[in-house]
Structure formats: C-alpha cells, structure tokens
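Everything below concerns the one structure shown next.
Basis for what follows: all heavy atoms, side chains included, without hydrogens, waters or symmetry-related copies. If you read the sequence from its start, that first residue is 1, and numbering goes on from there.
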Amino acid sequence: MRIATVAIGDVKFPLKSRDELPPVLKALQHIFITPELNERVFALLEEKICKNKKKTGRKGMDLWHLFVLAVVRHTLDTNWDRLNDTANYHELVRSIMGVHGSTFHDEKIEFNYQNILDNVSLLDEKLLEEINEIVVEAGDHLLKKKEEDIRLKTDSYALETNVHFPTDLNLLWDSLRKCLDVVKELRGQADLKGWRKIKHLRSDLKSQFRKTSHQVFKGKKEDQKKQSVKQYLRQANNMSARFESIINNPPLNVGNPETGISLAEELKRYNEFVKKFIGQIERRLLKGEAIPAAEKIYSIFEEHTEWISKGKLNKKVELGHLLLITTNQHHFIVDYKIMEKQKDATQVKDLQERLDKKYKGKVIYSHSFDKGFWSKDNLKTLQESKTEHVVLPKRGRLNKEEKERESAKTFKKLRHEHSAVESNINMLEHHGLNRCLDKGLHGYKRCVGLSIVAYNLHQLGNVLLEKERDQAKRKQKTLAKAA
C-alpha cells in the first residue's frame with residue numbers, strides 16, 4: 001500500500017453502468033477478498049508460472065496484475081495496444097490491480113507493452129480450465145437454493161481463426177512472398193548473389209497472381225484461363241528452384257550462424273508449401289481433378305484451421321474450429337471443448353463422462369441438445385446416465401414412439417428453453433470468441449480459455465452487482481421512511 005492507493009476490497013463500482021467491464025472487475029474483487037477463492041486461484045498461478053523460475057533480476061509482473069490484465073483483454077475483446085493503455089490509464093482497472101495512481105508522477109507504476117504480452121502468454125489451457133471451475137463453483141455458491149435442479153444445455157458454434165479466405169492461387173502467393181521475405185532477410189545477413197532485383201521479382205509475381213486470379217474467377221474463355229495459370233506456375237517453379245539452391249547451399253558468411261540456420265529452415269518450410277500448391281493448382285485447374293479434403297491446407301500461417309460448413313443461412317462456410325459449450329440454468333459455462341476434426345454427434349459420450357466426473361453422482365434434471373447431436377447411440381448413452389429428462393430431437397422422420405417422446409409436455413418446454421444457449425454464445429462472441437487473433441493452436445486454446453473465464457466472471461459479477469443494487473434500494477427506502 002502507498003499514499004493515494006485504494007485497497008482492492010474498498011473499490012466502489014458504478015451500479016448503473018451497462019458496460020461489460022465493471023461486472024468482471026467486481027467478480028475479480030470478490031475472488032481477491034474471499035480467502036478460499038484467493039488461495040485456490042493463487043496456488044494454481046504460482047504452480048504454473050512461478051515453479052522452477054530462476055531469479056534472474058529481470059523485471060516481471062505480480063501474478064494478480066497478470067491475471068487481471070489477461071481477463072480484461074478478453075472482456076473488452078481488444079488488442080494488446082489498447083490493453084497496455086487500459087493498464088496504465090484506466091482508473092477502475094488500476095484500482096482492482098492495487099496500483100491506483102500516486103500523487104507523485106515519478107512513483108506511478110506503469111506497465112510495458114512487451115512485459116504484458118510476455119507474461120499473459122504464460123497462461124495455458126489446463127490452468128484456465130481449473131480457474132474456470134473455481135469461478136463456476138463461486139457462482140453456484142452465491143445462487144444455489146438448497147437442492148436446486150441441474151439443468152444443462154449443450155451446443156457448438158464455429159470460432160474463426162484470423163485467416164483470409166483461401167484459394168489455391170492466393171495460398172501459393174502467400175508462400176512465395178514469405179519465401180522472398182526470408183531471402184531478403186538472409187541477404188541482409190550475408191552476401192547473396194543473384195538477388196539484386198528481389199523487389200522487382202516480388203512485384204512481377206504479385207502482378208501475375210492478380211492477372212491469373214482475375215482470369216480464373218472472372219474470365220470467360222477457358223483457353224485464356226489455362227494459359228494464365230500455366231504462366232503463373234512457370235514463374236512459381238522458377239522461383240522455387242532458386243529457393244532450393246539457397247537451401248542446398250546456404251551462405252557461409254552469415255554474421256550470426258544461428259540466425260542463418262533458422263532462416264534457412266524457415267525458407268525450406270515455406271518452399272515446401274510452394275511445391276504443394278503448385279501441384280494442387282496443376283491438378284485442379286489444368287487436369288480437372290478434385291483435391292481430397294485430407295490433402296488441403298487452408299492457411300500457411302494457421303495450419304490447424306478447418307473448413308466448417310454447418311448449413312447456416314447467413315454463412316455458407318467458416319474457417320476455424322467448432323467450440324462445444326455446456327451451460328447451466330444460471331448461464332455459467334460448466335464445460336467446453338475445442339473440436340479438432342470432429343463433429344457434434346461424436347461428442348456426447350465424452351461429454352457425459354466429463355459431466356459425471358464433475359457432478360460426482362448427482363442427478364441432472366435435464367440436458368438439452370439440438371438435432372445436430374442426434375444418433376441412436378447418443379440417445380441411449382444419455383438415457384443410461386443420471387439424467388432425468390433427455391432433450392435430443394431426432395433428425396428426419398419420426399416413428400410413433402419418437403413422436404410420443406417429443407410430444408411430451410416436459411420435452412417441449414425444455415426444448416424451447418434450449419434457445420437460451422444461443423444468447424450465451426452471442427455473449428461469448430463479444431468476449432473475444434468471434435474470431436481468435438492469437439497465433440498458433442496453443443494461442444487459440446489459450447484464447448478460448450481466457451474468454452470463457454472472462455464470460456463466467458461477467459456472469460458472477462452481474463450476480464454480485466445485483467445484490468449491491470438491492471442493498472442500495474433497501475437502504476434508500478429505510479432512509480426515506482426515517483425522514
């Protein structure tokens with residue numbers, strides 16, 4: 001504590017604000033001032049981040065600052081630059097972090113952009129799952145009334161990766177330009193002969209790519225299309241051969257040998273993509289072959305990206321992964337999973353096993369799904385579990401027994417209530433899970449974990465602020481009567 005610093009437990013919140021940040025900060029305050037929650041969360045953070053760390057003398061961040069800023073970024077669905085600005089100049093956020101501004105400017109604690117980025121990136125998927133369980137338990141403890149029924153809803157949606165729409169032509173161009181970027185960097189490190197006109201080569205390749213794309217997608221004459229594709233492939237093959245010669249005979253006079261090896265490996269990786277897409281374009285556009293889905297790559301930067309077609313009216317295709325979420329009657333997300341090359345109907349058995357482990361023999365009053373999860377085996381699995389009412393509508397035509405099951409009053413009521421999960425998904429998309437801007441599959445999974453923690457903290461904060469509003473109203477009424 002310093003002069004002009006407000007204790008975290010004494011921070012006041014605007015009760016009439018409709019912004020998403022105050023409820024999340026209120027929930028974070030609740031975690032910090034509740035000893036049981038505080039101990040559990042800090043134990044997890046210390047185990048993951050501080051274990052086996054050497055005291056090197058580098059300037060780091062407090063675990064609490066790290067956790068608050070990670071959650072705030074996903075609450076606001078923002079980038080690292082705005083997060084840096086928020087950490088240094090947002091009064092309410094700094095108060096919850098315990099670094100409220102000092103009256104003396106020299107004593108003000110500020111956070112560096114790279115410091116925030118490096119430290120927040122230390123969080124991983126498993127740690128965030130465990131923290132999420134603590135947040136959900138805290139919410140249940142505040143809301144539970146004796147033996148309340150457990151009502152679950154499960155659905156999935158496509159969480160996009162940060163990639164452009166892929167075609168064989170633009171993926172080949174991406175690969176070529178990245179190869180040229182690496183060659184340019186190598187040229188700055190060593191004396192590479194034959195690459196004096198690298199800027200012209202890049203411009204020429206881009207021009208040919210644009211001409212070919214125009215011919216393939218807007219041209220009318222088949223002969224002109226094929227001629228343009230052949231010219232594009234000829235230039236790409238020539239460039240690939242030149243890249244291959246650098247890979248086979250790397251420059252020896254590199255200033256930093258480790259950097260030279262790293263750049264050569266990077267060039268080799270991107271050149272493999274060049275060869276792959278040359279082959280695919282030749283097979284598809286010149287020979288008329290259909291490329292099997294297993295051979296396709298939809299981004300050279302996010303290779304894990306999948307092509308998702310869920311039959312939505314407004315979106316024919318999405319690029320990313322399906323995210324499975326299960327919510328309870330209080331709108332907390334109690335379970336989630338990133339599906340890698342999997343479909344909805346394959347998830348029910350594993351989901352039920354996770355829920356059995358979570359609820360440890362408790363009877364689940366209801367569990368609802370949409371038609372995408374239907375299969376006879378899934379229905380049997382759910383009916384054999386400790387779930388009283390299984391709401392799993394069948395695809396297609398119903399027989400007499402199925403009509404009777406789906407016409408039941410309870411089934412209809414619970415099926416109508418299932419639509420609430422769509423609202424939860426929409427709210428989740430506003431907490432950073434509409435399009436993931438983090439890089440790589442590890443970053444993608446971390447992004448999902450943090451956004452779900454931020455979402456559940458938002459729900460917890462709403463409960464806490466509602467209680468404060470009720471207390472303020474009662475106090476106002478008491479004062480009015482006394483007057």
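- Distance check: Leu171 CG to Leu176 CG gives 11.0 Å after rounding to the nearest 0.5 Å.
- Judged by distance alone, the side chain of Lys439 and the main-chain N or O of Phe301 form no donor-acceptor pair under 3.5 Å.
- Contact annotation: the side chain of Leu172 approaches that of Leu233 to within less than 4.5 Å [non-hydrogen atoms, C-beta and beyond].
- Side-chain contact annotation: Asp118 with Gln114, donor-acceptor N/O pair under 3.5 Å present.
- Lys126 is not listed as a side-chain neighbour of Lys445, based on a closest heavy-atom distance of 4.5 Å or more.
- Distance CG/Leu457 to NZ/Lys26: 13.5 Å, rounded to 0.5 Å.
- Atom CZ of Phe111 and atom CG of Leu66 lie 10.0 Å apart (nearest 0.5 Å).
- Counting only distance, with no hydrogens or angles, the side chain of Ser17 and the backbone of Pro14 share no donor-acceptor pair below 3.5 Å.
- The backbone N or O of His200 sits nowhere less than 3.5 Å from a side-chain atom of Ser203 that would complete a donor-acceptor pair.
- A distance-only check finds no donor-acceptor pair linking the side chain of His321 to the backbone of Glu340 [under 3.5 Å].
- Salt-bridge annotation for Glu417 and Lys153: absent, with no side-chain N of the basic residue lying under 4.0 Å from a carboxylate O of the acidic one.
- Using a 4.5 Å heavy-atom threshold, the side chains of Glu244 and Lys275 count as touching.
- Within a 6.0 Å sphere centred on NZ of Lys268, heavy atoms belonging to other residues, nucleotides or ligands number 12 at most.
- Relative orientation of the Phe277 and Phe273 rings is parallel, given thresholds of 30° and 60° on the angle between their planes.
- Judged purely by atom type and a 3.5 angstrom limit, Asp62 has no side-chain atom pairing as donor or acceptor with the backbone of His65.
- In terms of heavy-atom proximity, Leu414 sits nearest to Arg151 at CD2-NH1, 3.9 Å.
- By the 4.0 Å N-to-carboxylate-O rule, Asp335 lies too far from Lys358 to be salt-bridged with it.
- If you check the side chains of Gln342 and Gln347, you find a donor sitting under 3.5 Å from an acceptor.
- For Ile333 against Tyr336, the heavy-atom pair with the smallest separation is CG2-CB, 4.4 Å.
- Although no hydrogens or angles enter the test, the distance criterion places no donor-acceptor pair under 3.5 Å between the side chain of Thr326 and the main chain of Val334.
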Worksheet item: Could you walk me through whether Leu433 and Val448 pass the side chain to side chain contact (heavy atoms under 4.5 Å, CB included) check?
Response: CA-CA 7 Å; Leu433 288 189; Val448 170; 4.1 Å; yes
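- In this structure, Gln227 places its CD atom where only 12 or fewer heavy-atom neighbours from other residues, nucleotides or ligands lie under 6.0 Å away.
- The existence of a salt bridge linking Asp174 and Arg177 is confirmed by a sub-4.0 Å separation between a basic side-chain nitrogen and an acidic carboxylate oxygen.
- The side-chain heavy atoms of Asp350 and Glu353, taken from C-beta on, include a pair separated by under 4.5 Å.
- His431 and Tyr455 have perpendicular rings, their planes meeting at more than 60° on a 0 to 90° scale where under 30° would count as parallel.
- Side-chain contact between Asp344 and Met339: present, with at least one pair of heavy atoms (C-beta onward) separated by less than 4.5 Å.
- In Lys276, the NZ atom is crowded: over 12 heavy atoms of neighbouring residues, nucleotides or ligands sit closer than 6.0 Å.
- The shortest side-chain heavy-atom distance between His304 and Thr161 falls under the 4.5 Å cut-off.
- Nearest heavy atom pair, residue Leu392 against residue Phe411, reads N-CE1, 3.9 Å.
- Scanning both residues, Asn170 and Phe165, for their nearest heavy atoms gives ND2-O, 3.1 Å.
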Item to complete: Output, in order, the C-alpha distance, side-chain angles, deciding distance and verdict of side chain to side chain contact (heavy atoms under 4.5 Å, CB included) for Leu379 and Val348.
Response: CA-CA 9 Å; Leu379 181 62; Val348 174; over 6 Å; no
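- Other residues, nucleotides and ligands contribute only 12 or fewer heavy atoms inside 6.0 Å of the NZ atom of Lys403.
- Judged by distance alone, the side chain of Glu406 and the main-chain N or O of Lys394 form a donor-acceptor pair under 3.5 Å.
- Within a 6.0 Å sphere centred on CG of Asp81, other residues, nucleotides and ligands contribute more than 12 heavy atoms.
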Practice prompt. May I have the step-by-step check of side chain to side chain contact (heavy atoms under 4.5 Å, CB included) for Val120 and Arg73, ending in yes or no?
Written response: CA-CA 10 Å; Val120 171; Arg73 179 189 174 221; 5.7 Å; no
Discussion item. If you apply the rule side chain to side chain contact (heavy atoms under 4.5 Å, CB included), what do you find for Leu205 with Leu180, and how did you get there?
Written reply: CA-CA 11 Å; Leu205 274 170; Leu180 290 170; 3.9 Å; yes
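- With hydrogens and angles disregarded, a donor-acceptor distance shorter than 3.5 Å links the side chain of Glu402 to the backbone of Asn399.
- In this structure, the side chains of Leu123 and Leu450 come closer than 4.5 Å at one or more pairs of heavy atoms.
- Put simply, the side chain of Ser423 never gets that close to the backbone of Ser419: no donor and acceptor are under 3.5 Å apart.
- Under a 4.0 Å N-O distance rule, the pair Lys197/Asp204 does not qualify as a salt bridge.
- Crowding of Lys296 atom NZ: a count of heavy atoms from other residues, nucleotides or ligands under 6.0 Å exceeding 12.
- Classification of the Trp307-Tyr298 ring pair by plane angle, with boundaries at 30° and 60°, yields tilted.
- Taking all atoms of both residues into account, the shortest heavy-atom contact from Thr154 to His418 is O-CE1, 3.2 Å.
- Between Leu21 and His90 the shortest heavy-atom distance is CD2-NE2, 3.7 Å.
- When each of Leu322, Asn434, Leu428 is paired with Tyr157, the side chain to side chain contact (heavy atoms under 4.5 Å, CB included) condition holds for Leu428 and for no other.
- At distances below 3.5 Å, at least one donor-acceptor pair connects side-chain atoms of Trp64 with backbone N or O atoms of Ile96.
- Distance SG/Cys179 to CG/Leu267: 5.0 Å, rounded to 0.5 Å.
- Using modelled atom types, one finds no donor on one side chain facing an acceptor on the other under 3.5 Å when comparing Arg283 with Gln280.
- The structure places CD of Glu302 at 9.0 Å from CG of Leu441, a figure rounded to the nearest 0.5 Å.
- Atoms OH and CD, on Tyr444 and Glu160 in that order, are 9.0 Å from each other to the nearest 0.5 Å.
- Taking 4.0 Å as the cut-off between side-chain N and carboxylate O, Arg269 and Glu303 count as a salt-bridged pair.
- Put simply, the side chain of His74 reaches to within 4.5 Å of the side chain of Cys447, judged on heavy atoms.
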